[in-house]
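These figures come from a predicted structure and were not determined experimentally.
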Amino acid sequence: MKLKSITLHQVSIPLVTPFETSFMRETEKDCYLVEATFDTPKGEITGWGESVAMISPLYSSEYVASGIDVTKRWLAPILFDVDDLTAETVSWHLRHVIGHPMAKSALEMAVIEAQLKLNDQSFKSYLGGVVDSVPSGVSVGIQDSVEDTVKVIGGYLEEGYARIKLKIKPGKDIAPVAAVRKAFGDDFGFQVDANAAYTLVDASHLRRLDEYGLLLIEQPLGEADIRQHGELAKLMETPMCLDESIDSAEAAADAISMGAAAVINIKPGRVGGFIEAKKIHDLCSAHGVAVWHGGMVETGLGRAANAALASLPGFTLPGDISGSNRFFREDITEEIVMYDGKVDVPTGVGFGVSINPARLEKFRTDSVQILPQG
């Protein structure tokens with residue numbers, strides 16, 4: 001395939017309710033989509049990708065404007081020069097540009113979809129997925145009060161979600177967890193996510209979470225603190241899960257060897273793309289480390305692709321692949337539906353969903369077209 005043009009569509013989609021983590025509060029989903037066209041043996045084919053970078057550089061060093069800029073200045077020109085571009089070689093071609101995994105992942109995603117369309121193949125088939133549906137968990141942001149936390153989680157349990165993940169931070173951790181367990185008991189999967197809000201000094205405080213039978217505690221310490229996570233894991237009974245620390249298969253191997261991760265959260269955008277994400281899945285499977293699929297409040301495009309990845313056999317824990325209506329009243333693709341605690345893996349060609357032009361136009365705030373130079 002030969003890359004012919006790229007259009008970056010910046011969108012802002014209102015959230016049903018604000019989503020608060022230890023580092024920010026979101027009221028809209030701000031991101032950009034990649035629309036890439038290719039010359040192929042079957043004629044012109046379009047592939048779509050989605051960047052999971054946030055509007056501010058608070059989850060990672062990347063943010064929406066930086067992703068658009070580095071794509072325009074550096075990444076796209078490199079890919080335009082490739083005569084036979086394949087999904088498997090995108091990361092290799094972009095290797096000399098340091099960092100920017102989310103921008104690279106969005107481009108790789110567009111190449112993947114075009115390649116799938118060229119071969120009349122679904123993403124699940126390409127990856128080697130083994131199930132037709134995946135258990136659906138929901139991520140619950142930090143609420144204004146303990147009472148609100150109980151009320152919100154109760155609603156999601158009534159909807160049938162297979163697992164609840166609660167965001168926590170210092171001052172909003174033990175009390176809401178205790179209240180949720182008191183209200184709903186121990187017969188549901190419950191885990192917490194700190195998004196690097198603590199330090200190893202907080203170990204004695206975090207150990208109080210061991211009383212509540214949690215599936216795991218996710219990324220309590222800083223992203224560079226793999227060794228410290230290993231030390232914390234020795235002090236806690238709750239399984240240690242890493243998110244921000246795992247930016248590559250090499251980082252996953254280091255974490256496993258240090259005993260820092262009994263569980264790993266895989267997010268394709270964080271690690272540079274779905275190809276690298278599958279490598280991490282395979283590595284963890286070989287070492288008996290559980291994995292689950294994290295979420296970044298994706299649109300239906302990213303959500304559909306995530307479901308396909310989560311259909312691989314190593315994903316033994318419910319992930320953050322919730323229904324579209326968890327976050328959006330209107331999505332830019334067909335609605336991803338959660339029912340009976342699960343989400344179906346799309347089986348259509350490509351990612352199995354399509355961009356709705358009218359909704360894209362409704363939510364688009366800007367766009368930029370990138371063409372080959374000369």
Report yes or no: does Glu147 contribute a side-chain atom to a donor-acceptor pair with the main-chain N or O of Ser145 at less than 3.5 Å?
no
Ignoring hydrogens and angles, state whether a donor on the side chain of [X] or [Y] is under 3.5 Å from an acceptor on the partner side chain.
| X | Y | value |
| --- | --- | --- |
| Asp69 | Tyr63 | no |
| Asp193 | Gln219 | no |
| Thr86 | Thr89 | yes |
| Ser354 | Glu334 | yes |
| Thr333 | Arg359 | no |

With sequence neighbours excluded, tell me which residues meet side chain to side chain contact (heavy atoms under 4.5 Å, CB included) with Thr238.
Asp210, Leu214, Ile217, Met236
Could you check whether Lys169 pairs with Glu20 (Lys NZ or Arg NE/NH1/NH2 to Asp/Glu carboxylate O, under 4.0 Å)?
yes
Using a strict threshold of under 4.0 Å (side-chain N to carboxylate O), is an ion pair present between Arg326 and Glu159?
no
Ring-plane angle category for His293 and Phe274, please: parallel below 30°, perpendicular beyond 60°, tilted otherwise.
tilted
Parallel, tilted or perpendicular for Phe184 and Phe188, by the 30°/60° rule?
perpendicular
Asp282 and Lys278: CA distance, side-chain angles, deciding distance, salt bridge (charged side-chain N to carboxylate O under 4.0 Å, His left out) verdict
CA-CA 6 Å; Asp282 295 346; Lys278 187 175 184 301; 3.2 Å; yes
Remaining members of hydrophobic cluster (4.5 Å side-chain criterion), Val263
Leu215, Leu216, Trp292, Leu317
Step by step, would you call Met54 with Ser56 a side chain to side chain contact (heavy atoms under 4.5 Å, CB included)?
CA-CA 5 Å; Met54 295 181 172; Ser56 304; 5.7 Å; no
Going by the ring pair (Phe, Tyr, Trp, His ring centres under 6.0 Å) test, which pairs reach into residues 20-58, not counting sequence neighbours?
His9-Trp48
For Asp247 and Arg270: C-alpha separation, side-chain torsions, deciding distance, then whether salt bridge (charged side-chain N to carboxylate O under 4.0 Å, His left out) applies.
CA-CA 6 Å; Asp247 58 8; Arg270 191 190 66 232; over 6 Å; no
In this structure, CZ of Arg227 is separated from OG of Ser245 (nearest 0.5 Å) by 12.5 Å
